[in-house]
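Notes to accompany the following structure.
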Amino acid sequence: MSVYRGPERLTNESYMPQASPVRLFKQRLEGRIETHWHEFFEMGFVVGGSGTHVLNGVPMRLSRGDLFLLTPADFHSLEPDSGGTLELYDLIFNDQFIRDPLLELLFDRGTHRTACYDREETEAAEREFELIWKESADWQAGSGMLVQGSVERLLIQLSRRSREAGDEYASSGGQAVNQPIQPSVRKALIYIQHHFRDTITLEDAAGSCGLSPNYFSECFRKGTGVTFQTYVQELRMQFAKSLLKSTRLPVTEICFASGFNTLPHFERAFKRRFGASPREHRKQ
DNA sequence: TCGCCCATATGGATTCCGAA
DNA sequence: TTCGGAATCCATATGGGCGA
């Protein structure tokens, strides 16, 4: 049994010790936040300053009005511009906080969940965050529903905007997005996207949508065009590739962090997929 | 110590088919 | 539409070795 030792992993116990499934922070960054990931979801909204956000190894500029959502499957780092600061709202919540229809809305089309709001949208989003902030500071009867409503409005708006802007990012796992996917399989896709770094079996995925393993395997292939095993492997490969590109972690650690259990298997699979070993790929 | 490669056994995934 | 049984396939784990 290997013990994972990768970039910092922020746990529910450390950051969400209270009974509430959601927490909001106001952050003013003056230095770099190193690469890390979480057991919870994180929604960031920039209200001032500028900097760089490296999401899954892909750098992007951040300035006022930018909003991003990270799942437990994503990793990132943040850095304000030299000599400057980056001010943002940082909302964290666990998966129980999002209702199933919203989960499907957010995660049934790939993994690109960022948006750059115009002035009007920015002001509207700021009002939502301000409401959450005030309710959190003075929790009373009805606060839970108000916060839930604000967060859901923010997520729906993000989903709509990232759909418009990020269609080219869809289907990163190879799914046939133009073909209607059975709702139960779509539910399993979300489950897989959030658990592919762990030891996940066909039975687990089938169980997440209430189907038998055999039948799920058939439905999955019909709906996505690839087998369950191929889909999980591709997610792991892309994750490992991003880690190689954006961190200095040893290949061994990246192997385990990506959900592979043995190094030889990881190296062989990586070379077969990308035409170069992990080390060669990093050099390139 | 780390990264890479090879051979082999094994267990899980896939597929097909009949039944409810 | 969904399930379970059975046969087959193949990804994975394991152990060992080599070079930098």
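Proteins come first, then strands; the chains are lettered A, B, ... in the order of their sequence lines, and each starts at number 1.
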Nearest whole Å is fine: how far is [N] [atom2] from [X] [atom1]?
X	N	atom1	atom2	value
A:Ile200	C:dA11	CD1	P	18 Å
A:Tyr215	B:dC17	OH	C1'	15 Å
A:Phe228	C:dA11	CZ	C1'	12 Å
A:Phe266	C:dT12	CZ	P	12 Å
A:Glu203	C:dC3	CD	P	13 Å
A:Asn214	C:dA6	CG	P	12 Å
A:Phe220	C:dT2	CZ	C1'	19 Å
A:Gln229	C:dT8	CD	P	19 Å

Would you say [N] has OP1 or OP2 under 4.0 Å from some side-chain N or O of [X]?
X	N	result
A:Ser217	B:dA13	no
A:Ser212	C:dT2	no
A:Arg221	B:dT15	yes

**Prompt:** With distance as the sole criterion, do the side chain of A:Glu218 and the base of B:dC16 form a donor-acceptor contact below 3.5 Å?
**Reply:**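 Indeed there is one.
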**Message:** Does A:Glu267 reach a base, just sugar-phosphate, or nothing at all? Heavy atoms under 4.0 Å.
**Reply:**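 Base contact.
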**Asked** Is A:Gln233 touching bases, backbone alone, or none of the nucleic acid, heavy atoms closer than 4.0 Å?
**Response**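 Touches sugar-phosphate only.
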**Prompt:** Where each residue is assigned the nucleotide of DNA chain B containing its nearest heavy atom, which of A:Pro278 and A:Leu202 is assigned the position nearer the 5′ end?
**Reply:**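 Closest to the 5' end, via its nearest nucleotide, is A:Pro278.
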**Request:** For the pair A:Phe97 and A:Phe41, evaluate ring-ring contact (aromatic ring centres under 6.0 Å, His included) and give the outcome as yes or no after the intermediate values.
**Result:** CA-CA 10 Å; A:Phe97 189 70; A:Phe41 291 81; 9.9 Å; no
**Asked** Hey, is CZ on A:Arg61 packed in by over 12 heavy atoms from elsewhere, all under 6.0 Å?
**Response**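 Atom CZ in A:Arg61 is packed in, count exceeds 12.
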**Prompt:** Would A:Asn214 and A:Ser217 count as having a side-chain donor-acceptor pair, cut-off 3.5 Å?
**Reply:**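 There is no such pair between these side chains.
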**Asked** For residues A:Gln233 and A:Gln229, is any side-chain donor paired with an opposing acceptor at under 3.5 Å?
**Response**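 Note: A:Gln233 and A:Gln229 side chains miss the donor-acceptor criterion.
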**Request:** Could you work out which one of C:dC3, B:dT14, B:dC4 sits closest to the side chain of A:Val251?
**Result:**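 So the nucleotide nearest the side chain must be B:dC4.
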**Prompt:** Parallel under 30°, tilted from 30 to 60°, perpendicular over 60°: which one fits the rings of A:Phe68 and A:His53?
**Reply:**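 Aromatic pair A:Phe68/A:His53 classed tilted.
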